[in-house]
Every structure is written in C-alpha cells, then in structure tokens.
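Single-structure report; data block below.
Chain A is the first sequence line, chain B the second, and so forth, proteins listed ahead of strands; every chain is numbered from 1.
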Amino acid sequence: MTDAISLKGPQTPTKIAVVPPTDLRRPRSLWSDAWRAYRRHNLAMLGTSVLVLFILAVTVGPLLRPIDPSAVGNFANAFKPPSVEHPFGTDPLGRDLLAMALYGGRISIAVGLAAMLVAIFLGTVVGSIAGFFGGRLDNFLVWITDLFLALPTLPVLLLVIYLFRDALRGALGINAGIFLLTVLVIGSLNWMPVARLVRASFLSLKQKEFVEAARSVGAHTPSLMFKHILPNALSPIIVAATLSVGAAILLESTLSFLGVGFPPDMPTWGRLLYDARDYIELFPHLALFPGALISITVLSINFMGDGLRDALDPRRTQM
Amino acid sequence: MTQYLIRRILIALPTILVMSFILYMILALAPGDPLSQFAANPSVPAEVRENIKKSLGLDQPAHIRYIFWLGNAVRGNLGYSFATRAPVMNLISQRLPTTLWVVGTAYLLAILFALPIGIIAAVKKYSLFDQVSTTFAFIGFSVPTFFTGTLFIIIFSVKLGWFPFIYDSTLKVTNLQTFMQLAKQSIMPIAVLALFQMATLARFTRASMLDNLPLDYVRTARAKGLEDWKVITVHVLRNSLIPVVTLIALGLPAVFTGAIVTEQIFRVPGIGDLLINSIFNSDTPVVMGIVFIAAILVVTFNLIVDVVYGFLDPRIKYD
C-alpha cells in the first residue's frame, strides 16, 4: 500500500510527459528533410520542371505530332524557317522538325537513362565488393577502376562503336543493335566515379556499430552489404546517377554528331545537328533547335544534380 | 619515398601492358577489315589482296602480331599506317604542333581565367558575381562543344564575317600579317575549348575554396589580425589549390589527344582529326599508336600527380 503511493512519487514531473510533440502528423524523416532542402534550390526546381516537361513532351508528343512520311520528297516545303504551322521549321526533306525532335528526344533521353542504369549497376557492384571485402580483391578492383579511368573515353567509345556496329546490327536488327551497343558502351565507360564513391562509403560504413550489430544478430554477407550498408551510401549514388544521365546524353549526341551514332531514321538530337551541319550558313534553324534542346536538357540535369548534392549533404545547414 | 616511387612504377608498367593488349585485341578481333577498301576495287583481285595482307603481316594470328608490335613500340616504332604507308610516329609528329597550339593555348587560357573567377566566387559567396559566374559555369559545361562551335560559326563567321570557319593548315607564319591570320583562324576553336575547360575548372576551384574557408585555421589567421586578402591568398589559397593542381595535371594528357569534336567542326588538322579519320578508314596502326601514347600519358601524369601531392601537402606520408 505504502509502496504503491511512494512509487507515484511527486505529482509535478508527469505533466511534462503529456506535452505533445510540436507536429505529430508530419514526422520529419531524412528524406523529407532532403526534399525540403531541395525545394529551396530554385535552379534545381527549375531544372526538374523543365526535365519533367521534356519527358512528358517526348512520351506524348510523337503520338500527337507524328513524323509524316508522306512529307518526304515535298521539296517545296523543305528548309522552311520556323512558322506557326512548323514551330521549328522543316528539314531538308520537308519533314516537320518539331516532330523529328520529339521523336528523337525519346531516344536521346532513353539512352541517357539506360546508360545511367548500366553505369550505376556496374559501379555499385564493383565499389561495394571492393569496399566491403578489402584486401587483395580491393586492390585488384581499384586497379581495374584506374585502368578504365586511364582509357581516353571518346576515342575508345568511337572505336568500339565503329568496329562492332555492323556485327550487332546484324544480330539484333539495325535500331535495337545500335541502341544496345551505345547504352552498354557509354555505361561501361562511365561507372568508375560511381565505383570510387561507393567504395569510399563502404570503407567508412563497414566500421560503424550498426553493421557490427547486424552481424552479431546473424545477418549474412549479402544482407549486410545491400540491406544494411548500401541504403546508407545512397546519397552520393543518387547525385552521381543524376549527373551521369546528363553525361550520357552528351556522349550519345557527340557520337551522333560525329556520324557514328544512330542512323538517319532515328533522329536523335545529336543526329539532327549532324544532318544540319552542311546547311548552317543558310538555314541555321536546323542546328539551333536540336542544339538548344540538348543544352537545355543537360543543363537542367546538372542543376538537379547540384540541388541534390546540397540537399543530401549531411553537413547542410539545418533549417 | 624512393621505395614508394619504385612500387608505383611497378604497378604502372603492367597497367600500360594490359591496356595496350586489350586495345590491340579490340582492334584485331573487331569485325572491321582494314583491307575492305580494296574489296570493292575490281582492279585488285583476291590473290593480290592476300599478298597485301601478307605484306602487312595480317596473316599472322593476333597475339603474335601483338608481340611484334610491342617489341617495336618499346623501341619507339609504332608501325606503319595502312592507308599512307608512312610511319605512325611521323604522322603523329606532323599533327602535334597544331594540336599543341590550339588545345594547349585553350587550356592555358582556361586556367588563367578560371582560377581568379573561382576564387572570387568563393570569397564573395552568393554575391552577384558568384551567381553570374556560377550560372555561366553551368552553361559552360552543359552546352556541348559541338553546339558552341556551331553557334560561333553562325554568329561570327556567317552573320558577322569576322573569322574564317575553316582552319587553313597550309598557312606558314613568316611575318606579323600571317601571324594575325593564324590568330584569326584559331580564335574560335580556342574559345570553344577554353570556355568548356574554364567552366569546369572555375566550378572546381570555387568548391575547393569553400571547403577550406570555414576551417579553424582560417579563423585563427583572422583572429591574429591578418588582413582579409592575406588570409585568402597566403592561407586558404595554398590549401585549396592542391586538388585544383591535381585536376589540371590530370587534364594535360587530353591536350595530346586533341579535341576530336572541336577539330572536326573547324577542320583543324590536329591529332584528334587524324584519330577520327583513321578510325573511319580502319587504319588500325595509327589508331593504336595514338590511343597507346594517350594511355601512357594518363598513367604517367597520374603518377606525377601522386608524387607532387606529397610535396604540396605535407600531411601525406608515403610508406
């Protein structure tokens, strides 16, 4: 009896526990904090809006404004400057440049995204294995990474695509072959920065107590690597992934511009610019629109990457 | 230190070997045929083609050819061009001066402008200068060089008529007038390359300065009463420039490979132009020679950077 009373103790402190947290409905997580910080980055938000708009345009646009095959050969309608009917003007064959750019943008953006996935996958696998296991394996993988970094990217890219283009085309069909080749080669020449970032994160994270705790309750190696450590190493990967989409789009358009990319019936933005090269003196609009589209897309992606870097940086100033 | 250097060279040598082997095999096993130009020629019958093949040593298996190639390469002979029969070394040394002039000048200008811009942008963070230079930097490395080049041609050659847009390689500089001509025809390619490099470098310098500015030693320097500019130039700059110097040194090998895209747009007959033409002609010895030298330069400059790092940053100890 007396014990029960004494346990209750003095009455006053219990009141403090009753005070509710300031905002119970919206708990703040790391991701919502990052989103909050990202939204304040004006240029990143601008980049996001532009990119979303472009992606929408290239997915829906070609349905609304298909390339008209019957326009080909109507030379009275060729080389028209921009007008209401043809906002981007027409190309040397009389086709509507806007329709070409919408369709080509699909391929340009798809190549960028797919090559990013290849690069992130390779980089994450190599980086996490190197960082987690260490020792001889680490030395070997770091050596491989350095070896790839020492390769001059553009020449090797040109070389491999030029040499293997015809073989893959024969095996997979013209367009699928060149798409797969471009994506794989760009991806496999872009994974090294990701591998370095992931390795560095793994090296520091595997020493942390939570990894030891997971290990002590019996987590096996793959689960330790990909369930416990990898989610904590996600921030730099996300930033690198964003920036590598832009880099891949640039590389693809460079290849197309040099004439080793997609064939003329796959009018990627780089290809349109390549086709415009011979006419820039008289018809600069042929080059201006595709060039501007590439530049604006890459610029938007780079702004997004910058915003993400700031937002996901643990050292960012608290708000 | 000596021990470290020896160990690094022992790692670098197999790297170069493996890389040259991979490149050689890509070139040798690729489906492209260096004699395909004769295949369509009716005056070259099949047996003559076989003889040409034999005279070029192409009847041997690839690994035997690689060993011969390597043996010659070590003695400074990179083989003979299939297309012109000239020694690869001669072809490269013919093109080198043009590339060094155009790409080298651009690199130098980029460094000279980028460093002050990056430093001022970091010191006056979020000022108007910072915002303007940051925006320009983002545009600088987002807009592909082939589009800047095309824009420059449209504006300065076609509309204004200030500069010629084809580089005259036969021009000999003998007096002031021809030098002015050389300067005039080099301005656009140099500007295109310099703008791109400048953007990357300025951004990097700013980031490196910002990493150092909030550190304790800067506060100490201010606390002991040093003037602002002295704190910046003597204390912060010396520490911030270490990674910048690394980036500059690692970019130097690219001066050799030339600027494939820019040389292509302005028809500058440099190494990049030689490389891309050789790729399109399946002139394997020339491609192999250029990429091999580029790879050696990358590995060497990596080594130099790591060694120089020790002198610049006394915190790094070699063991």
Task: Top of B:A295, B:P14, B:P144 for chain A proximity - count of heavy-atom pairs under 4.5 angstrom - done: B:P144
Open item on the list: If you count heavy-atom pairs within less than 4.5 Å of chain B, which of A:T254, A:T297, A:I294, A:I296 leads?
Closed with: A:T254
Task: Non-hydrogen side-chain atoms of A:P155 and B:I260 separated by less than 4.5 Å - done: yes
TODO: Classify the ring geometry between B:F146 and A:F257 as parallel (under 30°), tilted (30 to 60°) or perpendicular (over 60°).
DONE: parallel
Open item on the list: Could you tell me if the side chain of B:F141 sits less than 4.5 Å from the side chain of A:L250, heavy atoms only?
Closed with: no
TODO: Using non-hydrogen atoms and a 4.5 Å limit, figure out which bit of B:L151 sits close to chain A: side chain, backbone, both or neither.
DONE: side chain
Task: Contact winner vs chain B - A:G270, A:A292, A:G246, heavy-atom pairs under 4.5 Å - done: A:A292
Open item on the list: Any non-hydrogen side-chain atom of A:V260 less than 4.5 Å from a side-chain atom of B:I276?
Closed with: no
Task: Proximity breakdown for B:I279 and chain A, heavy-atom pairs closer than 4.5 Å - done: both
Open item on the list: If you define the side chain from C-beta out and look only at heavy atoms, does anything of A:L154 sit under 4.5 Å from B:V261?
Closed with: yes
Open item on the list: Taking every non-hydrogen pair under 4.5 Å, which of B:I11, B:T145, B:L23, B:V143 racks up the most with chain A?
Closed with: B:V143
Task: 4.5 Å side-chain heavy-atom contact, B:M288 and A:L159 - done: no
Open item on the list: Quick check: do B:V299 and A:D146 have side-chain heavy atoms less than 4.5 Å from each other?
Closed with: no
Task: Contacting moiety of B:I296, where chain A heavy atoms sit under 4.5 Å - done: neither
Open item on the list: Heavy-atom cut-off 4.5 Å, strictly under: side chain, backbone, both or neither for B:F301 against chain A?
Closed with: neither
